[in-house]
Amino acid sequence: MEFSASQIAEVVNGKVEGDPNVRINYVSRIEEGVQGTLSFLANPKYTQFIYQTEASIVLVSSDFTPEKKVKPTLIRVDNPYSAFAKLLEMYNKIKLNKTGISEKAHISKSASIGNNVYIGEFAFIGENAKISDNVKIYPQVYVGDNVKIGIESTLFAGVKVYADNVIGNNCILHAGAVVGSDGFGFAPQDDKNYMKVAQIGNVIIEDRAEIGSNTTIDRATLGSTIIRKGAKIDNLVQIAHNADIGENTVVAAQSGISGSTKIGKNCMFGGQVGIIGHLTIADDVKIAAQSGVGKNIAKKGEVLQGSPAFEISKYRKSYIHFRNLNDIKNKLDELEKKIKEINP
Amino acid sequence: MEFSASQIAEVVNGKVEGDPNVRINYVSRIEEGVQGTLSFLANPKYTQFIYQTEASIVLVSSDFTPEKKVKPTLIRVDNPYSAFAKLLEMYNKIKLNKTGISEKAHISKSASIGNNVYIGEFAFIGENAKISDNVKIYPQVYVGDNVKIGIESTLFAGVKVYADNVIGNNCILHAGAVVGSDGFGFAPQDDKNYMKVAQIGNVIIEDRAEIGSNTTIDRATLGSTIIRKGAKIDNLVQIAHNADIGENTVVAAQSGISGSTKIGKNCMFGGQVGIIGHLTIADDVKIAAQSGVGKNIAKKGEVLQGSPAFEISKYRKSYIHFRNLNDIKNKLDELEKKIKEINP
Amino acid sequence: MEFSASQIAEVVNGKVEGDPNVRINYVSRIEEGVQGTLSFLANPKYTQFIYQTEASIVLVSSDFTPEKKVKPTLIRVDNPYSAFAKLLEMYNKIKLNKTGISEKAHISKSASIGNNVYIGEFAFIGENAKISDNVKIYPQVYVGDNVKIGIESTLFAGVKVYADNVIGNNCILHAGAVVGSDGFGFAPQDDKNYMKVAQIGNVIIEDRAEIGSNTTIDRATLGSTIIRKGAKIDNLVQIAHNADIGENTVVAAQSGISGSTKIGKNCMFGGQVGIIGHLTIADDVKIAAQSGVGKNIAKKGEVLQGSPAFEISKYRKSYIHFRNLNDIKNKLDELEKKIKEINP
């Protein structure tokens, strides 16, 4: 895919300065720009690079005034970074714009398939599944019986959605994500064997949620495990049965949310965080990477660290002393000695 | 699926009180009961809800004596919770009762396939694989050459079992689980490159084990990695080469057991626990979430926390002081000052 | 597969002592040797076992002098362990020596397929993908459009490689590994919703790298996420967008490397390690299991532990005091009391 400066200017509502016919087929950072790429200048710190860059086109602010001669064609826009992001997104959409239903997919007779969908090779669509308009289902995806997938959602290669789960509109599920495996529920017996507790609930993923690759979300024992609107879940995250992840909450990679825990809105969890079961976490809470949460967090906007986690600035102070614990111990031993000298 | 009160009473060996023809198609908690569902009353704390619930049928204890008028049909049983669990399990069995071999599966000629099995679309069954009676293999499962799968076991969508591994009877493997990938073994060379150590052992999963979604179990270098009878392994767990997980041991999500470590019976590990290699852990040991075990645990029933882990009550005390380490340090500094005043 | 002592001697360049026709079909440890297996004696500590073992063949050093009668056939070699490793590797190669392209695979017309490749059932090869000579692609693998895979590489069952990624020569990717899912990049909006930042870079895996099962490697936002030559990545590891993993660096299971972090050569990270984003880590650095790295590491060969991590011997000292923090606190309280007595 190649685009000319004038084509790009039209898309981003910009003004060309230089050769409108110069063409690019990729993007670059301004400091690493090579011919045939488009770059942008947003941060004034990088201004020096516009006089050196080999990029063919650079998006600049409408009020940018060069101090020397500039080699690339410029496109003047109100906000160069936003314009750049918009171009990336368009490029991505064109690239990912698969359609058509492969004859090598398996689509159950009772499934309902919307318009303009993509269903790739070796994908499986179960009985009574409902695939809405503009959904993209990549090869080797498994969509179990009675699953509903809302419009414009994308399931990348090898996603597995067990029966009876619900995925909203404009969701993205990355490769290998598993939705709706059994919750980890076992009743101990007198002979120390465990009896499996049947898990007959489901998972509901609301609109605009994104689920990372190889992340696992267990179905509820009864009722639903819920990922609310706009939540972003990174790779290799574990969401246990009956958990409830609030709107626009962001969970970084390898974190684990235990069963029946309810997380508020707009929270941010670092990587490898663990949260035990049956808790309630307030809105806007931030948890530092590798922390473990063992208690309810009732106060909105708390920022915690540690395992178990407590207030982050307090944790950091404690940790500085932990690093010096050997010195602290030595000082204590000295004082003890001195006191013995004073008062033997 | 709909069931009448009299049908259910027969299954749970109960006595109907009220309309025997009322029908339900799902279950609910008594406090959230809606029409068309079945609920249960086991905990006396919830007795109040039986006078309000909209559930159509409620399982109650044989000796339950209502104090007011009760709207739902009652079914009297010896143990309402057990009866409820039994019904859930039956419901689940009916729902998951797939059979038949898809023509779109690939079954090698030398594979042996038992009676009444389910093999879904795009499943692969390798040479000399042995699939026993009543096994369920969901779509896109990979069963390598010479793999043996015992009766009544279920492999959900996308499970991958490498060649030569053995899965017992009544096991459940959830979507995306990997059994038998190479152990992580490399011999350092003089030029700092690593030479791969061939991993020619296998994995044995014994009867009644359950393996969570996207969990990985590596094959042994030589011999076998073993998951013993009734062990329950949650999602995203790593079991390294030559590890040996004891009978009825429970490992929560995202824990990792390193190579050649032998875990006893009836242990319970919280989430995100890590255990280093070549250790022996006694029976009945419990490890708190996010802990790391770096030494053998010889004493049965130990309960540990921390990274590295030590006795849990001692850990908790230490952690309380860790939280207050700034105060401790301040007090120490004060004492130092005072001593200097006393004895300058 | 059965081999005679004389066949084996030829392969390892050894000298047979005993029956050259005795045959083996597997290997064993000398202390557990059974008939029909080959074992080796390298460590003098194990010499006693050669007089008891039931192994049919034992590889011994050229200068080994038995003190008693030895039952198995011996093969004398310069280095018994190396010879054994070589045999294992050959055995493994024979076992894994699949070839042929299944008619049940889907190969796009514009894909280029080398000589002597294996492409298993239900594998998907995208448009313009390039599969080099001697590559093995197991069933249910997904190779997206424009992906390049170098000679002699193996992708085990269910590996997913998104479009535009590059895999070098002699790489091994284990089952369920995901290469090239979107980086976790979202721009917060005024309404607290997140806007997805398009991820249009790729992943480059260089020669001789090994990637564990269900590990996830995200594509770069722009540019490339890079796994350099000979790096070994274990199972369930997360490598975020634009990370760069140095040559021959070894990352154990369940570790996570955040976005844009650059790791040096020959590093070794234990299991469940976390490294935050935008850091630079020097060559030869070692990080203990479960540690978290929050700062650049400029010094070659540092060995760190803790979360956040610091110098390992210092960490260990601090941790000993942490374990005794209750005693330390008690002593402090006592001193305080004494000082009050001295100077009330």
Side-chain angles (χ1 to χ4, degrees), chain B residues 106 122 124 140 142 144 158 160 162-164 176 178 180-182 184 186-187 192-200 214-216 218 221-223 236-238 240 254 256 258 272 274 276 290 292 294 306-308 310 314-315 317-322 324-325 328 331-332 335 338-339 341-342, chain C residues 26-29 32 85 87-93 95-96 102 104 120-122 138-140 156-158 172 174-176 208 210 212-214 229-230 232 234-236 247-248 250 252-254 265-266 270-272 289-290 307 319 322-326 328-329 332-333 335-336 339 342-343:
Chain B
H106 175 82
F122 316 125
F124 173 95
Q140 299 143 341
Y142 173 79
K160 310 295 176 206
Y162 282 60
D164 301 319
V178 173
S181 40
D182 281 356
F184 198 59
F186 302 95
K192 302 218 170 175
N193 289 326
Y194 287 93
M195 191 181 74
K196 184 174 174 65
V197 177
Q199 304 287 313
I200 71 163
N214 285 345
T215 278
T216 59
D218 280 351
T221 310
L222 270 179
L236 293 168
V237 170
Q238 153 74 353
Q254 296 175 318
S258 302
Q272 300 179 338
I276 71 157
Q290 294 194 324
S307 176
F310 54 97
K314 217 183 151 207
Y315 179 86
K317 266 188 200 152
S318 284
Y319 202 77
I320 289 169
H321 298 309
F322 171 76
N324 297 321
L325 216 41
I328 289 175
K331 194 188 266 192
L332 184 65
L335 293 191
K338 280 195 184 158
I339 289 173
E341 288 166 11
I342 297 171
Chain C
Y26 200 56
V27 293
S28 59
R29 296 200 188 90
E32 301 166 345
L87 286 172
L88 288 194
E89 208 193 316
M90 285 187 52
Y91 173 85
N92 217 13
K93 271 211 179 134
K95 259 194 44 182
L96 296 173
S102 170
K104 295 176 187 167
E121 285 71 19
F122 318 125
Y138 275 71
Q140 299 142 341
F156 282 102
I172 298 175
H174 278 287
R208 294 178 289 102
E210 183 157 342
S213 44
N214 285 344
K229 281 181 192 160
K232 309 297 178 193
D234 201 352
N235 299 344
L236 294 168
E247 246 179 87
N248 291 325
V250 174
Q254 297 175 318
K265 289 189 285 188
N266 311 313
Q272 301 179 337
Q290 295 194 323
S307 176
Y319 202 78
F322 170 75
R323 291 178 67 136
N324 297 320
L325 217 40
N326 201 44
I328 290 175
K329 180 60 169 45
L332 184 67
D333 292 345
L335 293 190
E336 194 183 26
I339 289 173
I342 299 170
N343 193 14

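The sequence lines fix the lettering, A, B, ..., with proteins before strands; numbering per chain opens at 1. Bear in mind the structure is a predicted one, so any value in this text is a computation, not a measurement. Worth knowing before you read on, the calculation uses all heavy atoms, side chains too, and leaves out hydrogens, waters and symmetry mates.
Interface remark: C:K232 contributes backbone and side-chain atoms alike to the contact with chain B (heavy atom separation under 4.5 Å). Heavy-atom distances place the side chain of C:E210, and not its backbone, under 4.5 Å from chain B. If you measure heavy-atom distances from C:E336 to chain B, the contacts under 4.5 Å come from both the backbone and the side chain. Using a 4.5 Å cut-off between heavy atoms, C:L332 touches chain B through backbone and side chain atoms alike. Neither the backbone nor the side chain of C:I328 comes within contact range of chain B, judged by heavy atoms closer than 4.5 Å. Contacts of C:K265 with chain B are absent, with no heavy-atom separation under 4.5 Å from either backbone or side chain. Contact of C:N266 with chain B is made through the side chain alone, with heavy-atom distances under 4.5 Å. Looking at C:L96, neither its backbone nor its side chain comes within 4.5 Å of chain B, counting heavy atoms on both sides.
By number of non-hydrogen pairs under 4.5 angstrom with chain B, the leading residue of C:D234, C:D333, C:N92 is C:D234.
B:F322 is listed as a side-chain neighbour of C:L325, based on a closest heavy-atom distance under 4.5 Å.
Under the 30°/60° scheme for interplanar angles, the aromatic rings of C:F122 and B:F122 are found to stand perpendicular.
A pairwise comparison of heavy atoms in B:Q238 and C:Q254 identifies N-NE2, 3.5 Å as the closest pair.
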